[in-house]
Amino acid sequence: ALAVWSAPHVQRLAGLTALALGHHEDARAHFVAALALAGDECESRLYLAQLDSAENAWATALEGLNAATLCFSGVIAELEKRRADRTSDASAEAEIERVQQWRASSLYSAAISAKILRRRELALDYARRLLQDPGLGGLARDFMLDIDVPPPSEPSSLLELGSARPPRQL
């Protein structure tokens with residue numbers, strides 16, 4: 001049990017607490033500390049990118065989301081390798097599914113960031129990678145249909161931009 005509550009995890013949880021309290025500078029410091037302790041702290045990378053988006057630092061957010069997506073992809077590859085080396089159990093399958101959801105979230109957020117930066121082809125590339133995702137595939141399709149719509153002038157965060165618009169009616 002102690003391995004689960006390692007220092008990087010504690011730093012990430014402290015960052016989440018600070019974020020929930022609206023203390024963005026403290027949250028950022030904790031997420032950076034988690035990454036310094038364990039460079040493979042994918043969730044901390046994602047949260048840092050979300051902080052960047054909340055500060056309208058879209059280019060930095062996009063870089064962070066790219067890093068988070070690559071990090072999650074690496075974790076998935078490692079989990080799948082472990083699964084292939086032994087009989088799969090329900091907890092391994094659940095962990096792969098959980099990390100795939102994090103990766104999908106990173107990809108969708110990256111698509112939004114690329115759109116805000118007016119990097120249409122990059123935004124479409126991220127959205128295409130989500131088309132088969134059971135949770136975000138529909139949003140990715142809607143996003144691709146709406147890609148030519150200019151983004152709001154000053155979205156306050158990725159979460160607001162991603163959920164502010166109702167699904168497109170066909």
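The residues of the chain are indexed from 1 along the displayed sequence. All values below were derived from every heavy atom in this structure, side-chain atoms included, with hydrogens, water molecules and symmetry-related copies excluded. As the structure is a prediction and not an experimental result, all values here were calculated from the model.
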Q: Measure across A68 and C42 and return the closest heavy-atom pair with its distance rounded to 0.1 Å.
A: CB-O, 4.2 Å
Q: For A123 and A111, work out which heavy atoms get closest and say how close.
A: CB-O, 3.5 Å
Q) Should R28 and D52 be marked as a salt bridge (Lys or Arg N to Asp or Glu O under 4.0 Å) after you check the CA-CA gap, both sets of side-chain angles, and the distance that decides it? A) CA-CA 9 Å; R28 183 178 298 280; D52 290 332; 2.9 Å; yes
Q. Any side-chain heavy-atom pair from R103 and S73 closer than 4.5 angstrom?
A. yes
**Q.** Atom pair CG (L124) and CE (M144), whose distance is rounded to the nearest 0.5 Å
**A.** 5.0 Å
Q. Going by an N to O cut-off under 4.0 Å, is there a salt bridge joining R98 and E43?
A. yes
Q | Shortest non-hydrogen separation from G64 to A49 and the atoms involved | A | C-CB, 3.9 Å
Q) Going by heavy atoms in the side chains, are E121 and D125 under 4.5 Å from each other? A) no
Q.
Let me confirm one number: the OH-OG distance from Y126 to S113, rounded to the nearest 0.5 Å.
A. 8.5 Å
Q) For the residue pair W102 and F72, does the interplanar ring angle fall in the parallel (under 30°), tilted (30 to 60°) or perpendicular (over 60°) class? A) parallel
Q: Answer whether the closest heavy-atom distance between the side chains of L122 and L62 falls below 4.5 Å.
A: yes
Q) L139, I116: one ILVMFWY side-chain cluster at the under-4.5 Å cut-off? A) yes
Q) Should L19 and L51 count as side-chain neighbours, where that means a heavy-atom distance under 4.5 Å? A) yes
(Q) Would you compute the distance between atom CZ of R83 and atom CD1 of I96 and round it to the nearest 0.5 angstrom? (A) 4.0 Å
Q) NZ/K115 to CG/L117 distance, rounded to the nearest 0.5 angstrom? A) 12.5 Å
Q) Under 4.5 Å between any side-chain heavy atoms of H9 and E41, yes or no? A) yes
(Q) What verdict does the side chain to side chain contact (heavy atoms under 4.5 Å, CB included) test give for L130 and F143, after you've listed the backbone C-alpha separation in whole Å, the side-chain angles of each residue and the deciding distance to 0.1 Å? (A) CA-CA 11 Å; L130 283 170; F143 179 87; over 6 Å; no
(Q) To the nearest 0.5 Å, what is the distance between CG on L13 and OG on S44? (A) 9.0 Å
Q: Keeping the roles fixed (side chain from S53, backbone from Q50), state whether a donor-acceptor pair exists under 3.5 Å.
A: yes
(Q) Between E78 and R82, is the salt bridge (Lys or Arg N to Asp or Glu O under 4.0 Å) condition met? List the steps. (A) CA-CA 6 Å; E78 181 62 32; R82 287 185 205 163; 3.4 Å; yes
Q. Relative to each other, are the rings of F31 and Y47 parallel, tilted or perpendicular (30° and 60° limits)?
A. parallel
Q) Heavy atoms, side chains only, cut-off 4.5 Å: are L107 and L65 in contact? A) no
**Q.** Trace of the side chain to side chain contact (heavy atoms under 4.5 Å, CB included) decision for R12 with H30
**A.** CA-CA 6 Å; R12 179 171 24 93; H30 285 293; over 6 Å; no
Q) Between R45 and G39, what is the shortest heavy-atom contact and its length? A) NH2-O, 2.6 Å
Q. Hey, does L35 have a side-chain heavy atom less than 4.5 Å from the side chain of V32?
A. no
Q: Walk me through it: do H23 and T17 pass the test side chain to side chain contact (heavy atoms under 4.5 Å, CB included)?
A: CA-CA 9 Å; H23 301 171; T17 301; over 6 Å; no
Q.
So does L131 get a backbone contact from the side chain of R141, meaning a donor-acceptor N/O pair under 3.5 Å?
A. yes
**Q.** same_hphob_cluster(L37, L16) at 4.5 Å side-chain heavy-atom cutoff
**A.** no
**Q.** Any V99 side-chain heavy atom under 4.5 Å of L79 side chain
**A.** yes
